[in-house]
Amino acid sequence: MKVKAWILDVNQEVARDQSQEIWLWAIKEDGERVLLIDKGFAPFFYVIPKEGVSIEELEASVKSQVRASDLVSLKVVEKKRLGKLTKVLRVELRNDDVIEQVAKHVAKLYAVKEVLEDDVRATFQYFMHTGISPSSWIEAEVADSPISIEGINIPAYLAMATPKPVEDGNVPKLRVLALHVIVPAFMSSPSPDRDQIGVIAAVNEEGERWVFVNERGDDKPLLLEFVKLIQSYDPDVVVSWGANKWLWSFLIERSKRIGVKLDIGRQKVEPHQSLYGHFSIIGRINVDLLDIVADDPEVKVKTLENAAKHYKVWDGEVIDQAFYGEVWESSGGKERLVNYASKCANAVMGIWKLFSHYLAQLSSLIKYPMDYAVAASPGFRVEGYLMSRAHQLGELIPKRPEVVSFETYRGGMVLEPKPGIHNYVAVLDFAAMYPHLIMKYNISPDTYVPEDVAISDQVCYVAPEVGHRFLKEPDGLYKLSLTALLEARDSIRQFMKRLSPDDPRYAAYEAQQKAIKVIANAVYGYAGWVGARWYLKPVAEAVAAWGRATISTALKIAKELGLEVIYGDTDSLFLRYDQAKVEEFKRRVFEQLGLEVKVDKLYKRVLFTEAKKRYVGLMEDDSLDVVGLEAARGDWCEAAKQLQEEVAHILLTTDNVQKAVEHAKQAIKKLKAGKFSIKDLVIWKTLSKPLDEYKVSAPHVTAALRLKKAGWDVKPGDQIGFVIVKGSGKVHERAYPYALAHGQPIDSDYYIENQLIPAALRILEVVGVKKEQLKQAEVVSLLDFFTQQP
DNA sequence: GCGCCCCCAATACCG
DNA sequence: ACCGGTATTGGGGGCGCG
């Protein structure tokens with residue numbers, strides 16, 4: 001029978017008879033959850049002959065050296081190696097278990113130059129080979145009746161032929177469960193040996209909820225109920241906060257301690273750690289929202305509550321995780337935490353809903369199942385896309401380089417800003433400059449002409465300054481990939497224009513075009529990443545060089561037109577706005593460079609200090625756009641950031657320096673009086689390495705050491721929130737994690753001198769205000785009077 | 001021993 | 001485990017001073 005189904009998850013199995021199986025966990029059009037098993041795929045690798053060895057000799061050599069029982073087929077095929085067409089041997093093997101060993105053996109043969117694609121996972125090979133994608137629809141001819149497989153409760157069908165991809169932008173209704181688990185640990189990280197689970201809350205998309213509570217000091221019943229819920233509700237997606245960082249490892253360890261089988265997969269096994277440190281629940285998608293929020297620089301402190309507030313799916317009180325233990329023991333605390341767990345699960349669901357379309361599209365684009373796609377870093381996302389493109393083009397996938405000598409190269413150009421406040425400034429930028437340069441000059445690893453190759457410059461594009469050459473023809477992998485991406489994005493956007501934003505398809509298309517944009521923008525960075533399969537320094541270096549040449553030309557054009565240039569960074573120019581001239585500028589840039597520039601922003605007023613990459617602009621609606629300054633950073637306390645914004649807002653809207661100064665002085669006064677909440681004084685910094693590897697005692701490191709001493713597990717990547725308390729000695733010696741600082745008096749002098757004043761002064765010094773003016777408590781001095789600007 | 005200067009480790013930002 | 005360019009803070013060592 002024929003089925004149309006949407007691929008949720010995939011894994012590979014080697015059957016008892018040693019045959020290879022690809023398991024596709026899918027949702028049929030009618031909503032039924034099924035497992036489709038394809039036994040028709042054999043994993044493979046390619047073998048390239050050594051120079052002087054014929055393909056026939058190679059074939060004979062490989063055939064004689066590989067056990068016949070392991071071998072499915074040997075084929076001579078034409079493939080491209082960095083653009084050059086060559087005959088290679090395609091070796092298909094009986095299953096994934098023997099790939100590694102056979103590939104290693106074959107690589108050592110005399111006739112062999114190299115073995116390729118043995119390092120590409122079987123499931124990924126399968127997607128490339130069939131053209132199907134996770135999070136997309138397929139059509140498959142399957143056996144009429146299901147087979148039964150031990151431990152699997154949904155029908156499993158054997159595929160009778162290779163499934164085919166089906167174009168359909170709709171995502172089926174997924175069964176989603178959002179979780180939140182509370183472990184009331186006392187001033188420490190939860191430890192599976194010592195700490196019991198307090199509450200597990202779950203909600204579905206319809207708002208139905210399940211809450212399991214540890215009533216009498218035993219978390220076994222609660223964990224059993226949880227396992228039962230997953231098995232009976234049978235979600236496609238389990239979404240939570242911190243799943244990959246601690247939740248699954250904690251639940252697995254805890255289950256072991258108390259003798260519960262955490263067999264929550266669709267195949268009854270417990271979650272297991274997989275690629276990118278991510279946990280896999282077979283047949284389901286395990287999404288950790290933390291991985292999503294990690295990609296959003298707007299959310300500075302990565303807690304669920306913060307993220308939920310940012311995405312507007314939170315209201316009301318926050319109970320800090322550090323105090324779960326305390327609250328649990330307090331009177332009425334248990335009820336509070338039970339409610340809180342529900343509330344958090346709701347927030348988890350709220351955030352999931354915002355991202356679900358995007359994740360599905362990303363997954364489909366890069367051919368990783370949704371949960372891998374979320375957990376993968378940008379480099380691997382780009383690589384997923386490039387690999388499937390390469391396969392379509394017949395281009396062999398290079399191995400990941402092992403030891404690469406690392407050399408940096410020159411990047412984008414940043415102009416010196418004109419300090420001061422400027423009225424009506426337009427920010428013009430090149431739309432997707434690097435992707436367009438890559439397409440324009442065909443910059444790619446497979447079009448690169450090495451220095452020692454003699455070839456006419458006529459057939460090459462030659463990069464300015466650095467002189468790297470790239471063939472004009474044929475189109476390279478990067479150009480083809482980006483062309484496809486940008487064309488797809490354009491057509492989606494065209495299509496969206498004809499849709500109303502209320503159309504259910506609108507959000508999905510929006511997500512799709514966003515997913516595409518992210519990948520396209522990361523290709524340049526990918527090219528310069530030493531760990532990339534397609535790493536090639538000249539490629540990245542040439543893109544940057546062409547970028548500098550491009551912005552320089554644009555700068556020249558602006559000057560020729562008499563446009564005043566205030567600033568510029570990499571692909572943008574800040575110009576004093578003059579509608580006619582700006583229009584002419586756009587025309588000339590397109591004429592001379594063949595690239596489009598557009599007005600990205602129009603500031604009513606914008607303030608620059610002498611520093612690059614830091615400015616604050618006032619938009620048409622009087623909102624502020626803070627870029628690079630303290631108020632845009634996560635490592636300044638809230639009080640300082642807020643003050644800076646307020647001072648900037650007063651200055652840019654009223655021009656009243658005195659008013660801005662007074663406002664800053666008020667804040668200083670308020671701090672002196674101890675009227676700021678400790679929350680407004682917490683400074684956050686991320687640990688970048690294990691504590692013992694630090695060479696200097698930075699404040700956040702000392703604070704982290706104090707956390708560790710108190711029983712917290714402190715790891716690289718953790719964000720440390722600390723305050724500076726009164727006392728003698730260096731700043732770091734007085735840095736305490738805010739959760740451990742109770743009772744200790746805050747060092748208001750530190751906050752005034754090193755937070756409030758610098759943040760306010762950064763803005764005010766532009767209009768000539770001096771530090772002393774902020775420190776004079778009440779009296780308005782003559783100096784103040786004279787520094788007031790006209 | 002103290003303050004000052006300079007260097008640099010560390011972090012987070014911009015595009 | 002994406003790039004380079006940039007600003008900024010605080011630690012820490014060296015130096016001169018008395």
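Order of the sequence lines fixes the chain letters, A, B, ..., with proteins taken first and strands second; residue numbering starts at 1 for each chain. Keep in mind that the numbers below use all heavy atoms, side chains included, and drop hydrogens, waters and symmetry copies.
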Determine the contact category for [X]: base if any of its heavy atoms lies under 4.0 Å from a base atom, sugar-phosphate if only primed atoms, P, OP1 or OP2 are that close, otherwise nothing.
X	answer
Y409(A)	sugar-phosphate
N754(A)	sugar-phosphate
S572(A)	nothing
A632(A)	sugar-phosphate
G525(A)	base

Ring centroid separation for [X] and [Y], is it under 6.0 angstrom?
X	Y	answer
Y567(A)	F574(A)	yes
Y615(A)	F608(A)	yes
Y385(A)	Y526(A)	no

From the set dG11(C), dG5(C), dC2(C), return the single nucleotide nearest to any side-chain atom of A522(A). dC2(C)

Consider the side chain of V627(A), meaning its heavy atoms from C-beta on, and name the nucleotide among dG12(C), dG15(B), dA12(B) that approaches it most closely. dG15(B)

Closest nucleotide of DNA chain C for R762(A) versus for V731(A): which of these residues is on the 5' side? R762(A)

Contact check, residues 610-619 of chain A vs DNA chain B, heavy-atom distance under 4.0 Å, returns K613(A), Y615(A)

Looking only at side-chain N and O atoms, does [Y] offer a donor or acceptor that is under 3.5 Å from a partner on [X]?
X	Y	result
S274(A)	Y372(A)	yes
H278(A)	D371(A)	yes
N442(A)	Y461(A)	no

So, does H700(A) get its side chain near the phosphate of dT11(B), meaning an N or O under 4.0 Å from OP1 or OP2? yes

